[in-house]
Amino acid sequence: MAYAAPIFVYEVRYVIELILLVFALVIEGVALVHAITQRSDAFAAIGTLPKGAWIAILGLCLVLTLPAFGFGPLSIFGLIGIAAALIYLLDVRVGLRDLHDGRGFW
């Protein structure tokens, strides 16, 4: 009787991991693009790491989240990458936006 039911747990796990991977790559990609497009003197004005350091951190996190290197969004490197991107987006981006006029999408 137990063998009559379809076993689809691996498909469900694959879909959940794929959704998490897309979420992580989008968050890290948006943070990286935003860091690249900002002025370098603005980072010093809000008292955070320099622009080059943020670009290096976010770029490395983006690369380590890719599953091609044996890691993924649920590995320790993937979770650190998501945390770094969220810190940038929720703290540094807000400070950069407040430094400027505060208008616009970014």
Side-chain angles (χ1 to χ4, degrees):
M1 182 60 80
Y3 296 109
I7 299 177
F8 59 91
V9 67
Y10 299 113
E11 288 84 8
V12 171
R13 180 180 175 195
Y14 173 75
V15 169
I16 291 173
E17 287 181 358
L18 184 64
I19 291 170
L20 287 174
L21 176 67
V22 169
F23 170 75
L25 292 178
V26 166
I27 293 296
E28 292 172 0
V30 166
L32 181 63
V33 168
H34 185 270
I36 291 171
T37 59
Q38 297 302 307
R39 294 177 27 188
S40 61
D41 59 344
F43 287 88
I46 63 170
T48 185
L49 293 173
K51 178 180 179 177
W54 275 113
I55 291 173
I57 290 169
L58 294 171
L60 182 67
C61 291
L62 182 68
V63 169
L64 289 179
T65 303
L66 294 173
F69 295 101
F71 305 114
L74 295 178
S75 70
I76 188 70
F77 296 113
L79 295 175
I80 290 171
I82 293 170
L86 288 176
I87 288 170
Y88 178 83
L89 289 174
L90 297 175
D91 185 36
V92 177
R93 184 182 67 88
V94 173
L96 292 172
R97 186 182 62 203
D98 291 341
L99 184 66
H100 296 290
D101 57 359
R103 291 180 290 161
F105 176 70
W106 288 97

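Worth knowing before you read on, the calculation uses all heavy atoms, side chains too, and leaves out hydrogens, waters and symmetry mates.
In this structure, K51 contributes its side chain and Q38 its backbone to a donor-acceptor pair below 3.5 Å.
Hydrophobic clustering of Ile, Leu, Val, Met, Phe, Trp and Tyr side chains at less than 4.5 Å, counting indirect connections, keeps L64 apart from L18. Criterion: ILVMFWY side-chain heavy atoms under 4.5 Å apart, direct or through other members. Under it, V22 and F71 are part of a common hydrophobic cluster. When the side chains of ILVMFWY residues are joined at heavy-atom separations under 4.5 Å, either directly or via intervening members, I19 and I82 end up in two distinct hydrophobic clusters. Residue L86 is grouped with residue I55 when hydrophobic side chains (ILVMFWY) are merged at heavy-atom distances under 4.5 angstrom, including chains of intermediate members.
We find the SG-CG distance between C61 and L79 to be 11.0 Å, quoted to the nearest 0.5 Å. Atom CD1 of I76 sits about 4.5 Å away from atom CD1 of I80, to the nearest 0.5 Å. In this structure, CD1 in I87 is found 9.0 Å from CD1 in I57, a value given to the nearest 0.5 Å. Here the CD1 atom belonging to I16 is positioned 9.5 Å from the CG atom belonging to L74, to the nearest 0.5 angstrom.
Counting only heavy atoms from C-beta outward, the side chains of F8 and E11 approach each other to under 4.5 Å. Side-chain atoms of L66 and L25, non-hydrogen and from C-beta on, do get closer than 4.5 Å to each other. The shortest distance between side-chain heavy atoms of L60 and F77 does not fall below 4.5 Å.
For residues 53-71, every residue pair satisfying the side chain to side chain donor-acceptor pair (under 3.5 Å) rule, not counting sequence neighbours, is listed here: E28-T65, T48-W54. Sorted by first and then second residue, the pairs that involve residues 30-49 and meet salt bridge (Lys or Arg N to Asp or Glu O under 4.0 Å), not counting sequence neighbours, are R39-D41.
Residues V94 and L90 share a closest heavy-atom pair of CG2-O, 3.5 Å. Among all heavy-atom pairs drawn from A35 and L58, the shortest one is CB-CD1, 4.0 Å. A pairwise comparison of heavy atoms in A45 and L99 identifies CB-CD2, 3.8 Å as the closest pair. In plain terms, the two heavy atoms of G95 and I46 that are nearest each other are O-CG2, 3.6 Å.
Each of L96, L32, V30 was checked for a side-chain contact (heavy atoms from CB on, under 4.5 Å) with Y88, and the lone residue meeting it is L96.
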Q.
Assess the residue pair V92 and F43 against the criterion (side-chain contact (heavy atoms from CB on, under 4.5 Å)); give the C-alpha distance rounded to whole Å, side-chain angles, the decisive distance to 0.1 Å, and a yes or no.
A. CA-CA 8 Å; V92 177; F43 287 88; 3.9 Å; yes
